[in-house]
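Pasting in a structure now, in structure tokens, and then I'll have a few things to ask.
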Number of protein chains: 2
Amino acid sequence: MSMLGAMLEAKEPLSREQIARRMGENANKVTLYRTLHSLVEAGIVHTALIRNRVQLYEPSAHCSEHLCHPHFVCRGCHKTICLTEITPPTVDLPDGFRLERQQLQMEGLCSTCTMAEHETQSI
Amino acid sequence: MSMLGAMLEAKEPLSREQIARRMGENANKVTLYRTLHSLVEAGIVHTALIRNRVQLYEPSAHCSEHLCHPHFVCRGCHKTICLTEITPPTVDLPDGFRLERQQLQMEGLCSTCTMAEHETQSI
DNA sequence: AATTTTATGCAACTCAGTTGCATTTCCAAG
DNA sequence: CTTGGAAATGCAACTGAGTTGCATAAAATT
């Protein structure tokens, strides 16, 4: 499994370690980071903007040139949901500003965890 | 200068180190982190979602309960601009999803750097 | 084949943030 | 006061993601 293949297969952004595990081969972490940097520089991959102590990568294929799909991070199950179906919102920037990349991040409860919370409350 | 004072005075999110410098006093970094965690837990301060190897903090006062003001990070001058005047965009989440916090991050060129780039090209 | 270029690996490093534990400061009961 | 226990502060040592320098291996070029 190639590095890009691992990322395309996943439905969420992956860390360097998760990518390595999905690839199966045990390449050196330095090599992995170097390849990731090349992919990012080439614009094939980018880093997801998510509150996390480690960098998370995802293929740029799921985003338009300037507007990345929104991410929803659930506080209950800690899953990251890529909202690729949602059209990214646009805002009016001050004069002269040139937007090159935009990411929207949301935190809260996903539908499953919202339901679970309601059940707990009603007992 | 208090920790919160330092953050309110700044027009951009600050790192632990920047906060310490603005406070003047030389408190231990462990103490600073502990205080920051308390402020975050109390909802008085939150971390800005910006591509950065260090955590950046800002007062929650500049945001509404669920929607944080957008940030624009300039690739030219590396300044972070808090777009507090812009109304944060809203998106329609899938059924059952409950949004608790949202942040929009933008990267590109600020007006000053866009002008500078045009001048360079025309020479 | 010889030589240059490029990719890989290892070990040691950097640096933000954390943890354990000792010390100080605060504050309330005696 | 002062004493005893809780909360805040500090120090040093640790953790872990990511990086750097340098040696080695694999390609590509002549």
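Both backbone and side-chain heavy atoms feed into the values below; hydrogens, waters and symmetry mates do not. Below, read A as the first sequence line, B as the second, and so on, with proteins coming before strands; counting in each chain starts at 1.
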Verify side chain to side chain donor-acceptor pair (under 3.5 Å) between H66(A) and E100(A), making sure each step is shown before the conclusion. CA-CA 5 Å; H66(A) 299 303; E100(A) 288 171 354; over 6 Å; no

Select base, sugar-phosphate, or nothing to describe what R53(B) touches, counting heavy atoms under 4.0 Å on all strands.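 Sugar-phosphate contact only.
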
Calculate the interatomic distance between L14(A) atom CG and dA17(D) atom C1'; express it in whole Å.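 Atom-to-atom, L14(A) to dA17(D), this comes out as 16 Å.
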
Rounded to the Å, how far apart are R51(A) CZ and dG17(C) C1'?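 Taking CZ of R51(A) and C1' of dG17(C), I get 16 Å after rounding.
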
Could you state the atom-to-atom distance from NZ of K29(B) to P of dA13(D) in whole Å?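 The answer, rounded to whole Å, is 13 Å.
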
N/O donor-acceptor pair under 3.5 Å between E9(A) side chain and A6(A) backbone: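 Here the side-chain-to-backbone pair does not exist.
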
Closest to side chain of T31(B), choosing from dT9(D), dG18(D), dT18(C):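 Comparing dT9(D), dG18(D), dT18(C) against the side chain of T31(B), the answer is dT9(D).
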
Would you tell me if any nitrogen or oxygen in the side chain of H37(A) comes within less than 4.0 Å of OP1 or OP2 on dG18(D)?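 Looking at the OP1 and OP2 atoms of dG18(D), neither is under 4.0 Å from any side-chain N or O of H37(A).
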
With the side chain of V30(B) defined as its heavy atoms from C-beta on, choose the nearest nucleotide among dC11(D), dG9(C), dG17(C).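 The listed nucleotide nearest to V30(B)'s side chain is dC11(D).
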
Any side-chain heavy-atom pair from I81(A) and F97(B) closer than 4.5 angstrom?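 They are in contact (side-chain heavy atoms under 4.5 Å apart), so the answer is yes.
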
Considering all heavy atoms of both residues, which atom of L36(B) and which atom of M7(B) are nearest to each other, and what is their separation?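 Minimum heavy-atom separation between L36(B) and M7(B): CD2-CE, 3.9 Å.
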
May I have the distance from L56(A) (atom CG) to dA17(D) (atom P), rounded to whole angstrom?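 Value for this atom pair: 12 Å.
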
Whole-Å gap separating C1' (dG18(D)) and CG (N52(A)):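 For the pair N52(A) CG and dG18(D) C1', the rounded distance is 14 Å.
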
Take atom OH of Y57(B) and atom P of dA16(C), then tell me their distance rounded to the nearest Å.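 Between P of dA16(C) and OH of Y57(B): 12 Å.
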
Got S111(B) and D95(A) here, is their nearest side-chain heavy-atom distance under 4.5 Å?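 Side-chain contact under 4.5 Å: no.
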
Rounded interatomic separation in angstrom, taking CG from L32(B) and C1' from dT18(C):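 Those two atoms, CG and C1', are 14 Å apart.
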
Can you check the Q55(B) CD to dC15(C) P distance for me, whole Å?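 It works out to 19 Å between those atoms.
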
Looking only at the side chain of N28(B) (C-beta and beyond, no hydrogens), which of the listed nucleotides dT18(C), dG18(D), dC11(D) gets closest?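 That would be dC11(D).
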
Counting side-chain heavy atoms from CB outward, which of dG20(C), dT19(D), dG9(C) is closest to R34(B)?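 So the side chain of R34(B) is nearest to dG20(C).
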
